[in-house]
Student: 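Here it is, the structure, as structure tokens.
Reminder, nothing fancy here: chain letters follow the sequence lines and each chain counts from 1. The figures that follow rest on heavy atoms only: side chains count, while hydrogens, waters and symmetry mates do not.
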Amino acid sequence: GAGVSQSPRYKVAKRGQDVALRCDPISGHVSLFWYQQALGQGPEFLTYFQNEAQLDKSGLPSDRFFAERPEGSVSTLKIQRTQQEDSAVYLCASSLALAGHSYEQYFGPGTRLTVT
Amino acid sequence: GQQVMQIPQYQHVQEGEDFTTYCNSSTTLSNIQWYKQRPGGHPVFLIQLVKSGEVKKQKRLTFQFGEAKKNSSLHITATQTTDVGTYFCAGDFGNEKLTFGTGTRLTIIP
């Protein structure tokens, strides 16, 4: 079956522009995670959904970052008024995790965002 | 905050040599997962360890979870060129989200 897909794969934005990054998780996966990965670093947690509920958004760097998953499947990460420090790879992952236990996460290929 | 430290940051080995990466947490983990990321790729799940003192093997890879559930290691025997990549541990502190370590980048000298 299809894995996690993300679009666009690459995005160049001018400083101050808004961007929207899309994630299509594996069908049936309850949990969806967004991570930010800077060059040479490990993925940093941003936010997490269980179905349509956003259970944890403690990793979002600022109020310019917003994520949604309105129907419990596709998710969008939106960054408003992009800054150069937002340049990174944004990874989406999904899993079968149920409340109280984590399971293996399946990662998408990521969106590489470059802010100029 | 809850952090997961991983060492070494880089490891260069001759093909056929062994490789080990270590992961440490300041607080007890609910479970720990290991992922591999090839250059230009995305993290791919390798294993999950849940029980205190657990040891799991996958062919040439051996994963251990410490008795106190605060540390873990990944050992690769007789490395091959296909082992190249960055190995990340990722800890679950009981809140269902993963905290990734900084990773160990493995390069193989043929």
Student: Are Tyr35(A) and Leu98(B) side-chain neighbours, meaning at least one heavy-atom pair lies under 4.5 Å?
Tutor: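 When only atoms from C-beta onward are counted, Leu98(B) and Tyr35(A) do touch, with a gap below 4.5 Å.
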
Student: Counting heavy atoms not belonging to Lys56(B), are there more than 12 under 6.0 Å from its NZ?
Tutor: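 More than 12 heavy atoms, drawn from other residues, nucleotides or ligands, come within 6.0 Å of this atom.
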
Student: For the interface with chain A, which of Gly103(B), Gly41(B), Pro43(B) has the highest count of heavy-atom pairs at distances below 4.5 Å?
Tutor: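 Among the listed options, the one with the most contacts to chain A is Pro43(B).
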
Student: Which atoms of Ser58(A) are under 4.5 Å from chain B, going by heavy atoms: the side chain, the backbone, both sets, or neither?
Tutor: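 Side chain of Ser58(A) only, per the 4.5 Å heavy-atom cut-off to chain B.
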
Student: A quick test of your reading: do over 12 heavy atoms of other residues, nucleotides or ligands sit less than 6.0 Å from CD of Glu85(A)?
Tutor: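 Atom CD in Glu85(A) is crowded, with more than 12 foreign heavy atoms closer than 6.0 Å.
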
Student: Check the surroundings of atom CZ in Arg64(A): do more than 12 heavy atoms from other residues, nucleotides or ligands lie under 6.0 Å from it?
Tutor: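 Enclosed: over 12 neighbouring heavy atoms sit under 6.0 Å from CZ of Arg64(A).
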
Student: Below 4.5 Å from any heavy atom of chain B, which atoms of Tyr106(A) appear? Answer side chain, backbone, both or neither.
Tutor: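 Looking at Tyr106(A), nothing touches chain B.
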
Student: Does OH belonging to Tyr22(B) count more than 12 external heavy atoms closer than 6.0 Å?
Tutor: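 No, not enclosed.
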
Student: Select one option (side chain, backbone, both, neither) describing which atoms of Ile47(B) are under 4.5 Å from chain A's heavy atoms.
Tutor: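 For Ile47(B), neither part sits under 4.5 Å from chain A.
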
Student: Supply the atom-to-atom distance Ser95(A) OG to Gln33(B) CD, rounded to the nearest 0.5 angstrom.
Tutor: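 Atom-to-atom, Ser95(A):OG and Gln33(B):CD are 8.0 Å apart.
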
Student: Below 4.5 Å from any heavy atom of chain A, which atoms of Gln37(B) appear? Answer side chain, backbone, both or neither.
Tutor: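 When you check distances to chain A, only side chain atoms of Gln37(B) fall under 4.5 Å.
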
Student: Which residue out of Gln37(A), Gln105(A), Glu44(A) racks up the most heavy-atom pairs below 4.5 Å with chain B?
Tutor: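 Winner by heavy-atom pair count: Gln105(A).
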
Student: With the side chain counted from C-beta on, respond yes when Phe107(A) and Phe45(B) share a heavy-atom pair under 4.5 Å apart, and no when they do not.
Tutor: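 Answer no - side chains too far apart.
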
Student: Using a 4.5 Å cut-off on heavy atoms from C-beta on, say whether the side chain of Pro43(A) contacts that of Phe88(B).
Tutor: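 Side-chain contact under 4.5 Å: yes.
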
Student: Flag the pair Phe45(A) / Phe100(B) as yes when at least one side-chain heavy-atom distance between them is below 4.5 Å, and no otherwise.
Tutor: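 Side chain of Phe45(A) against side chain of Phe100(B), heavy atoms only: no contact under 4.5 Å found.
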
